[in-house]
Amino acid sequence: ELKVEQNPLFLSMQEGKNYTIYCNYSTTSDRLYWYRQDPGKSLESLFVLLSNGAVKQEGRLMASLDTKARLSTLHITAAVHDLSATYFCAAQAGTALIFGKGTTLSVSS
Amino acid sequence: SAVISQKPSRDICQRGTSLTIQCQVDSQVTMMFWYRQQPGQSLTLIATANQGSEATYESGFVIDKFPISRPNLTFSTLTVSNMSPEDSSIYLCSVATGSQETQYFGPGTRLLVL
């Protein structure tokens with residue numbers, strides 16, 4: 001059974017500093033997803049990572065995938081207030097997505 | 001990409017009643033899914049809605065409690081039957097549009113059972 005663990009679950013960030021969220025999954029998965037959820041909102045797709053060594057970047061966010069280590073990271077560069085939200089990773093098992101518990105980011109000046 | 005709408009967006013229901021949630025997609029999709037997000041929690045897959053056949057349910061979810069319809073490639077419904085306060089959650093419809101694309105989520109239906 002595929003399980004997905006994220007850490008940390010909460011991250012208090014200072015503006016301008018760099019941070020990393022880690023996502024481990026327990027068994028082989030076809031692909032890895034990252035989503036953002038703002039309070040009271042649905043999920044916004046950030047990245048889908050399809051293969052080992054995949055790296056994708058959008059603005060201050062960069063996601064990478066290491067399938068051998070079963071690890072994906074979401075790196076935040078120079079945090080800004082707009083990045084405050086909950087971030088979920090999800091690994092694909094067959095056609096379904098198995099989600100981590102989410103990491104809630106709070107950015108303060 | 002896919003644009004997904006859900007109805008209702010929110011509802012307050014009495015225990016013992018049932019609520020049907022609708023999911024409409026702006027294009028034909030093969031895969032449609034229903035997820036539940038309990039307050040402050042992550043998302044859990046309820047079932048995969050299969051067009052032309054019965055839905056495939058995940059462990060812990062049964063058809064009698066969560067009957068699903070999928071009459072065509074753009075529409076699905078999820079019914080939450082005989083509701084109890086424990087069913088208070090956000091219910092999200094999701095679709096997969098292609099092998100290289102992400103899965104998209106609808107805006108969700110916020111359900112409160114009293």
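As the structure is a computational prediction, the values presented were derived from the model and not from experiment.
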Participant: Got a sec: does the CD of E5(A) have more than 12 other heavy atoms crowding it under 6.0 Å?
Facilitator: no
Participant: For K65(B), is the NZ atom crowded, meaning more than 12 foreign heavy atoms sit under 6.0 Å from it?
Facilitator: yes
Participant: So which part of L97(A) gets closer than 4.5 Å to some heavy atom of chain B, the side chain, the backbone, both or neither?
Facilitator: both
Participant: Can you measure from OH (Y35(A)) to CZ (F105(B)) and round to the nearest 0.5 angstrom?
Facilitator: 4.5 Å
Participant: E44(A) versus chain B, heavy atoms under 4.5 Å apart: side chain, backbone, both or neither?
Facilitator: neither
Participant: Quick check for you: to the nearest 0.5 Å, what is the distance between Q92(A) atom CD and T102(B) atom OG1?
Facilitator: 9.0 Å
Participant: Give the intermediate values and the outcome of side chain to side chain contact (heavy atoms under 4.5 Å, CB included) for residues L43(B) and L43(A).
Facilitator: CA-CA 10 Å; L43(B) 283 79; L43(A) 276 73; 4.0 Å; yes
Participant: So, does S42(B) use its side chain to make a donor-acceptor pair with the main chain of G102(A) at under 3.5 Å?
Facilitator: no
Participant: List the atom of R110(B), the atom of G40(A), and the distance in Å for their closest heavy-atom pair.
Facilitator: NH2-O, 2.6 Å
Participant: Using a 6.0 Å cut-off, check whether atom CZ of F75(B) has over 12 heavy atoms from anything other than its own residue.
Facilitator: yes
Participant: Heavy-atom pairs under 4.5 Å with chain A - which of G106(B), A96(B), G108(B) has more of them than the others?
Facilitator: G106(B)
Participant: Which region of Q41(B), side chain (C-beta onward) or backbone (N, CA, C, O), has a non-hydrogen atom less than 4.5 Å from a non-hydrogen atom of chain A, or is it both or neither?
Facilitator: backbone
Participant: When you group the ILVMFWY residues by side-chain heavy-atom contacts below 4.5 Å and let the links chain together, are L49(A) and Y104(B) in the same group?
Facilitator: no
Participant: Take atom CD of Q57(A) as the centre, draw a 6.0 Å sphere, and report whether it contains more than 12 heavy atoms from other residues, nucleotides or ligands.
Facilitator: yes
